[in-house]
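We number each residue from 1, following the sequence as shown. Order of listing sets the numbers, starting from 1, for every ligand and every atom in it. The shown structure was predicted, so the numbers you read here are calculated from the model rather than taken from an experiment.
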Amino acid sequence: MNTDRKDLAINGGKPISKETILIHKPYLDEKDFKAVEETVRSTFVSGNGPACREFEKKLSEYLGVKHVFYTNSCTTALDLAFRAKDFPAGSEVIVPNFTYTSTALGALLNNLKIRLVDVDPENGNIDVLKIETAINDKTVAICPVDYTGNPAEMDEINKIAKKYNLYVVHDTAQSIGTLYKGKKTGTLADVSTFSFHGTKNLTTGEGGALVTDNDEIADRVIFMREKGTNKQSFLIDDKTRGFYEYVDIGSSFVQSNILGALGITQLEKIDWMNKERKKIAEYYKSELKGIDGIEFLKITEGAIPNWHIFGILVPPKHKYWIMDALRAEGVYSNVHYTPLHRNKFYSHLGKDEDFPESMKFFSGLLRLPIYPSLTKEERELVVMSVKKVMCALKK
Ligand SMILES: Cc1ncc(COP(=O)(O)O)c(C=O)c1O
């Protein structure tokens with residue numbers, strides 16, 4: 001091992017990249033800017049406007065799903081997914097231990113309890129073999145996550161859900177455009193929830209969507225996301241006579257029309273943006289293959305991921321040194337997520353020994369930059385930096 005080498009930027013050597021190469025960047029072009037400007041000029045800037053509804057229609061066609069509700073985040077879409085069900089307080093929802101807090105918040109905000117299940121150490125998705133051991137008579141739902149845009153094993157999850165009559169809320173925050181056995185994510189569960197946060201493959205700055213084929217859920221969500229009012233029919237079909245009614249409990253989960261317009265132009269290029277990500281992933285894989293100490297994440301059988309994140313698994317004892325050394329070379333790398341039980345708010349739900357595979361995955365995981373606007377030169381600089389840094393770890 002030669003981590004003291006003077007040519008490494010972490011030891012004062014010349015960095016490979018003069019400018020920091022960021023880990024994620026939204027892809028926004030002239031069409032996006034124009035759509036936003038035109039919508040602002042139209043003066044319809046408030047929530048659930050015509051552009052939002054057009055975005056919903058186009059997204060439902062793109063996904064092949066009946067109902068799409070554009071919301072102000074994936075977190076609120078997850079909240080709505082449980083609000084629409086009225087499960088008895090204290091019912092349990094199964095959540096993978098390696099996920100973002102929002103997956104758990106959907107259930108928690110609705111007075112439900114979560115039960116954490118360990119994940120596959122090769123890709124961070126819920127370990128389907130462990131789900132049944134977490135089911136008891138209070139269990140009402142499973143909330144799988146597609147970490148990095150690589151889908152959870154939905155066939156197995158749906159089989160278990162059917163056997164125990166459980167509701168499946170698929171947290172597809174990261175997987176817009178991903179295919180699982182020929183089907184798009186968003187069509188694989190009772191309800192799916194996308195994120196359009198600034199870091200995601202398709203972005204409206206902040207934003208999300210609840211999508212479902214279930215009419216009963218859609219009939220409640222349509223009111224609940226608009227403060228429990230029937231304002232949608234007031235906006236669309238003019239059936240109300242100058243006022244709208246308060247028909248259910250709810251909150252404000254609608255999005256500005258300005259962001260709806262951005263959703264439309266972003267959706268037009270999502271397949272192209274995902275293809276660009278795939279090219280980068282393939283380039284990294286071909287260049288970094290065979291390097292001692294680097295493993296790639298396992299792709300789910302039958303999946304074509306959208307490459308939201310490019311992760312590598314490195315030797316745990318050197319992970320933070322590798323991350324710091326890459327940053328010194330000008331390549332931003334980070335760790336995401338921290339297993340839920342490792343966070344203050346969830347620490348009562350278990351210890352490291354209870355989730356050995358989450359810990360194994362987390363201990364080795366590093367993310368590298370991946371986004372359509374990453375230039376050819378930047379892609380090469382990332383590869384050169386990883387090679388330079390990993391070389392110092394050779395025995
Ligand atoms: C798996 C998962 N669920 C939910 C969210 C929350 O998304 P949003 O920021 O749109 O609420 C994220 C955000 O990164 C996520 O990764």
Using a strict 4.0 Å cut-off to heavy atoms of [X], name the atoms of ligand 1 that fall inside it.
X: A173; value: 1 (C), 2 (C), 3 (N), 4 (C), 5 (C), 12 (C), 15 (C)
X: S73; value: 10 (O), 11 (O)
X: Q174; value: 16 (O)
X: V145; value: 1 (C)

Check this for me, if you would: do [X] and [Y] make a salt bridge, where the nitrogen-to-carboxylate-oxygen distance has to be below 4.0 angstrom?
X: R379; Y: E287; result: no
X: E37; Y: R41; result: yes
X: E295; Y: K360; result: no
X: E276; Y: K279; result: yes

[atom] [closest protein heavy-atom partner, distance rounded to 0.1 Å]:
atom: atom 11 (O) of ligand 1; answer: T75 OG1, 2.5 Å
atom: atom 10 (O) of ligand 1; answer: S195 OG, 2.7 Å
atom: atom 3 (N) of ligand 1; answer: D171 OD2, 2.7 Å
atom: atom 6 (C) of ligand 1; answer: S102 OG, 3.5 Å
atom: atom 12 (C) of ligand 1; answer: Y100 CD2, 3.5 Å
atom: atom 13 (C) of ligand 1; answer: K200 NZ, 3.2 Å

(request) Give every residue pair that meets the ring pair (Phe, Tyr, Trp, His ring centres under 6.0 Å) criterion with at least one member in residues 49-74, sequence neighbours excluded. (result) F55-Y70, F55-F196
Is any N or O atom of [X], backbone or side chain, closer than 3.5 Å to an N or O atom of ligand 1?
X: H197; result: no
X: H336; result: no
X: E206; result: no

(request) Quick one: closest heavy-atom pair of T203 and L28, and the distance? (result) CG2-CD2, 4.5 Å
(message) If you compare all heavy atoms of A81 against all heavy atoms of L210, which two are closest, and at what distance to 0.1 Å?
(response) N-CD1, 3.7 Å
(message) I'd like to know whether the aromatic ring centres of Y147 and Y337 sit less than 6.0 Å apart in this structure.
(response) yes
(request) Taking the six-membered ring for Trp and the single ring otherwise, decide whether the centroids of Y27 and W272 are under 6.0 Å apart. (result) yes
(message) Against ligand 1, does G207 come closer than 4.0 Å with any heavy atom?
(response) yes
(message) So is Y337 touching ligand 1 or not, going by heavy atoms under 4.0 Å?
(response) yes
(message) Distance to the ring centre below 6.0 angstrom and angle to the axis at most 45 degrees; does that hold for R367 and F310?
(response) no
